[in-house]
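Here is how names work: the chains are called A, B, and so on, in the same order as the sequence lines, proteins then strands, and each is numbered from 1.
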There are 2 protein chains.
Amino acid sequence: MTPSGMTAVPSDGMGPIENVPLRVQVADRIRTAILSGRLKPGEPLVETALAEQMTVSRAPIREAIQILENDGLVETIAYKGKRVKPLTAREVEEIYSLREAYEVMAVRRIIERGADASPLRGPCEDMNRAAAADDLEALTAADEAFHRTLIQIADHDLLLASWRSLYLRIHQIMALRMRRRPELPQIAANHPPIVDALVARDMDRAVKLISDHTRNLEEIDPQTIADT
Amino acid sequence: MTPSGMTAVPSDGMGPIENVPLRVQVADRIRTAILSGRLKPGEPLVETALAEQMTVSRAPIREAIQILENDGLVETIAYKGKRVKPLTAREVEEIYSLREAYEVMAVRRIIERGADASPLRGPCEDMNRAAAADDLEALTAADEAFHRTLIQIADHDLLLASWRSLYLRIHQIMALRMRRRPELPQIAANHPPIVDALVARDMDRAVKLISDHTRNLEEIDPQTIADT
DNA sequence: AATCTGCATGTTGTCGACAATCCATAAGGT
DNA sequence: ACCTTATGGATTGTCGACAACATGCAGATT
């Protein structure tokens, strides 16, 4: 799979072509726009406009949009148009509750199979550093690394893929909400106990910790949410 | 939305056409072929051949295949070809373990939110009837109806969509394994206690029952599975 | 004034042709 | 004999043009 988050556009002298299909490049660009909040929920996506804008044909655009549809970021209404999928409060709740189920499953699986949870220590340290430096962006990145690592340790490709797809939308939500700055040190302090419970193979405690951690962690700004 | 499951081809005088896009029709046809086992894992899917076979252009074929890719039934290797995704033993395990997580989540949510679990009684009765008549097909259908109803009662659209996508592959697995006939009465007898625990709001018992029920329920014929 | 009808416009849906890429195979050199 | 290098075939990737469809507006009709 592609190493997520990297949009490699070589800037060195000879710019040979990237072997990645156009539809993927297009999908990455549009996805970035959505995830950064530049394209807001409900915004229409017109194929011809995008095609002209990116100087490609409509075919890759269509296929790219279909990719984003599978990611749950775009929805299509036949013969009417495509648009960035509106985010309802209900959907936000569903996304976070499903994430909780995924992470609980990962925790259970890690303990049941006796996997080594110590790789989680790295992201924990990163979070501490970020919290000390009051660097919200770095802390967010380390937090995601922590959770992604958790899923990876569970050694379950399907779970990892599902989690990834879900986390895309969490990115979108996080970009849309511009709330008060969270307490960085507190977030950083939340994670090490989870690791401790995992290495101690304390199932009940680990499940409870991850469950509490993922639940209600993020609250969404009601203004950016559709009503229905 | 269109009323699901109906392929309305009106035979009366004035026939208003079906408005379903070609790509969807194509996707349905290919999906049926895969799910029925007529197209086996690893089998190549050549766009031009399918296009000629179905007398449509390649564009709808490509988009249909992409839909199936999102369903996890097909995989693409760039500039090389597309094929029915091979089923590894590992994937089968992952599919069923993820299904367990989904259904456990549904059970927890149903009890937490005090939802009415009595609609599950209908499929239970259907299963009893099917078991009494020794009708495997009817029992399989009722079993799926039970689990789908369980997810629907949880009132979680995203969970339902994820479960559906997963269940597609379970269909495929079930079509591929031609094992000994299972004990129909026993399967039918497994479900009512789950309903009882749900209406009694007995969380621990309900979770344990659904967990045991989904786990190890299906064993796959090794011969139909890829080695990796 | 209200309603229906027909048309114009914008968007997606579909098509056929061409280009880019990969793989296997065979030719050529050492 | 072995390795390297063309070359041909097969498949997907991309393109531009045309068709189908839905919607909104203007005009006619009652």
Side-chain angles (χ1 to χ4, degrees), chain A residues 1-2 7-10 14-31 34 39 42-70 73-86, chain B residues 1-3 7-10 14-31 34 39 41-70 73-86:
Chain A
M1 303 302 167
T2 53
T7 57
V9 178
M14 50 168 299
I17 353 94
E18 324 132 20
N19 242 342
V20 41
L22 258 189
R23 56 163 179 265
V24 176
Q25 300 180 39
V26 171
D28 286 346
R29 284 184 60 178
I30 302 180
R31 181 170 23 232
I34 295 177
L39 279 176
E43 196 129 352
L45 298 177
V46 179
E47 294 176 359
T48 54
L50 293 170
E52 190 174 355
Q53 201 172 336
M54 304 191 180
T55 53
V56 296
S57 169
R58 268 185 55 216
I61 300 277
R62 282 177 66 83
E63 298 184 353
I65 287 182
Q66 209 175 341
I67 292 176
L68 299 175
E69 215 172 336
N70 311 339
L73 296 174
V74 172
E75 74 179 359
T76 296
I77 300 157
Y79 287 107
K80 183 122 183 274
K82 335 223 176 193
R83 59 174 183 176
V84 181
K85 200 170 179 182
Chain B
M1 301 300 170
T2 54
T7 56
V9 180
M14 48 170 299
I17 354 93
E18 330 135 21
N19 250 340
V20 43
L22 258 189
R23 58 166 178 263
V24 175
Q25 301 180 38
V26 171
D28 287 346
R29 284 184 60 179
I30 302 179
R31 179 169 26 231
I34 295 177
L39 279 175
E43 195 128 351
L45 297 176
V46 179
E47 294 176 359
T48 54
L50 293 171
E52 189 173 358
Q53 202 173 333
M54 304 191 179
T55 53
V56 296
S57 169
R58 267 183 58 216
I61 300 278
R62 282 177 65 84
E63 299 185 352
I65 288 182
Q66 208 175 344
I67 292 176
L68 299 174
E69 214 172 337
N70 311 338
L73 297 173
V74 171
E75 74 179 359
T76 296
I77 300 157
Y79 288 107
K80 185 134 180 261
K82 335 225 175 190
R83 60 176 182 176
V84 182
K85 201 169 178 183

Measure from [atom1] on [X] to [atom2] on [N] and round the result to the nearest Å.
{"X": "A:Leu22", "N": "C:dA19", "atom1": "CG", "atom2": "P", "answer": "16 Å"}
{"X": "B:Gln66", "N": "D:dT12", "atom1": "CD", "atom2": "P", "answer": "14 Å"}
{"X": "B:Lys82", "N": "C:dC22", "atom1": "NZ", "atom2": "C1'", "answer": "15 Å"}
{"X": "B:Arg23", "N": "C:dT12", "atom1": "CZ", "atom2": "C1'", "answer": "8 Å"}
{"X": "A:Glu63", "N": "C:dG13", "atom1": "CD", "atom2": "P", "answer": "13 Å"}
{"X": "A:Ile61", "N": "D:dG13", "atom1": "CD1", "atom2": "C1'", "answer": "14 Å"}
{"X": "B:Gln25", "N": "C:dG13", "atom1": "CD", "atom2": "C1'", "answer": "12 Å"}
{"X": "B:Arg58", "N": "D:dG13", "atom1": "CZ", "atom2": "P", "answer": "8 Å"}

For the side chain of [X], starting at C-beta, report the closest nucleotide among [options].
{"X": "B:Pro60", "options": "D:dT14, C:dG13, C:dC15", "answer": "C:dC15"}
{"X": "B:Glu47", "options": "C:dC15, D:dG13, D:dC15", "answer": "D:dG13"}
{"X": "B:Val46", "options": "C:dC22, D:dT11, C:dG13", "answer": "D:dT11"}
{"X": "A:Lys80", "options": "C:dC22, C:dT12, D:dT23", "answer": "D:dT23"}
{"X": "A:Ala59", "options": "D:dT12, D:dC15, C:dT12", "answer": "D:dC15"}
{"X": "B:Tyr79", "options": "D:dG13, D:dT14, D:dT11", "answer": "D:dG13"}

Quiz item: Taking only residues two or more places apart in sequence, or in another chain, which ones meet A:Arg23 in a side-chain hydrogen bond (donor to acceptor under 3.5 Å, both in side chains)?
Solution: A:Glu63
Self-check item: Qualifying residues under side-chain hydrogen bond (donor to acceptor under 3.5 Å, both in side chains), relative to B:Glu52, sequence neighbours excluded
Solution: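 None.
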Quiz item: Can you name the side-chain contact (heavy atoms from CB on, under 4.5 Å) partners of B:Ala51, sequence neighbours left out?
Solution: B:Arg58, B:Ile61
Quiz item: What pairs with A:Glu43 under side-chain contact (heavy atoms from CB on, under 4.5 Å), at least two apart in sequence or on another chain?
Solution: A:Leu39, A:Lys40, A:Val84
Quiz prompt | Residues from residues 49-57 of chain B lying under 4.0 Å of DNA chain D - heavy atoms | solution = none
Practice problem: Answer yes or no: is there a side-chain heavy-atom contact under 4.5 Å between A:Leu50 and A:Ile65? | Solution: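 A:Leu50 vs A:Ile65: side chains touch.
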Quiz prompt | B:Gln66 side chain reached by A:Arg62 side chain, heavy atoms, under 4.5 Å | solution =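 No - every pair of side-chain heavy atoms lies 4.5 Å or more apart.
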Exercise. List in chain and number order the residues that pass salt bridge (Lys or Arg N to Asp or Glu O under 4.0 Å) with B:Glu69, two or more places apart in sequence or in another chain; answer none if no residue qualifies.
Key: none
Quiz item: With a non-hydrogen cut-off below 4.0 angstrom, is A:Leu45 in contact with a base, only sugar-phosphate, or nothing?
Solution: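 Contact class for A:Leu45: sugar-phosphate only.
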Quiz item: Quick one: is B:Arg62 getting a side-chain N or O under 4.0 Å of the D:dG13 phosphate, OP1 or OP2?
Solution: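 B:Arg62 to D:dG13 OP1/OP2: side-chain N or O found under 4.0 Å.
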